[in-house]
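Being a predicted model, the structure only gives us computed values, none of them experimental.
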Amino acid sequence: MKITLNRINDDFLFECTNAQGNSILLDNTSQPGAKGVSPMESVLMAVAGCSGIDVVSILKKQRQNITGFQAEVEGERVQVDDAKPFKSINVKFLLEGEIDPKKAQKAAELSFEKYCSVSKTLEPNVEIGYEVYVNGEKI
């Protein structure tokens, strides 16, 4: 796996491109007029995307009818010397459709305990939690 990062303005705007030519913009969001996401926001996005792919994949294999899927991810950071790494990350899955709540909960559990490479990469240093809601009801 390889990505390429190119600076695309005179400040902090970068384009990151993968081998298939898909890209995202990264920027210093503490500056006015930022046109991309911060690198730390991209970490939260990676957790949401990785676990989201897992949950949807597991539920589809179980023939659950997902009509809506959203994840909200929040990260708490802590000062360590000059850096501010994540101390904890919490993911809230909001699912809609004809979905067995027990299957949704199990899918999230499997994602974080077994499949999600992003959370597994962060796990030794970051506490990762999750909540699952199906049709507005917390599981």
Spell out, as yes or no, whether a donor-acceptor pair under 3.5 Å connects the side chain of [X] to the backbone of [Y].
X: Glu109; Y: Lys106; result: no
X: Asp27; Y: Lys35; result: yes
X: Arg7; Y: Asn9; result: yes
X: Gln64; Y: Asp100; result: yes

Next item on the list: Please check if atom CD in Glu74 has more than 12 non-hydrogen atoms from other residues, nucleotides or ligands closer than 6.0 Å.
Entry: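 Atom CD in Glu74 is not crowded, with 12 or fewer foreign heavy atoms closer than 6.0 Å.
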- Item | Residue Lys120 excluded, over 12 heavy atoms near NZ under 6.0 Å |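 Counting other residues, nucleotides and ligands, NZ of Lys120 exceeds 12 neighbours.
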Could you tell me whether Glu127 and Lys87 have a side-chain N and a carboxylate O separated by less than 4.0 Å?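 Between Lys87 and Glu127 there is no salt bridge, as every charged N stays at least 4.0 Å from the carboxylate O atoms.
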Exercise for the section: Mind checking the CG-NZ spacing from Asn18 to Lys2? Nearest 0.5 Å is all I need. Expected result: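 It comes to 12.0 Å.
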For Glu15 and Ser23, what are the C-alpha separation, side-chain angles and deciding distance, and is it a side chain to side chain donor-acceptor pair (under 3.5 Å)? CA-CA 6 Å; Glu15 180 179 42; Ser23 63; 3.0 Å; yes
Is there a side-chain contact between [X] and [Y] (heavy atoms, below 4.5 Å)?
X: Val73; Y: Tyr130; value: no
X: Lys138; Y: Val132; value: no
X: Val43; Y: Leu122; value: yes

Inset, instruction - Report yes or no: do Glu131 and Asn90 form a side-chain donor-acceptor pair below 3.5 Å? - result: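 Looking only at side-chain atoms, Asn90 and Glu131 do form a donor-acceptor pair, the distance falling under 3.5 Å.
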**Asked** What class does the angle between the rings of Phe93 and Phe69 fall in, given that below 30° is parallel, 30 to 60° is tilted and above 60° is perpendicular?
**Response**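 Aromatic pair Phe93/Phe69 classed tilted.
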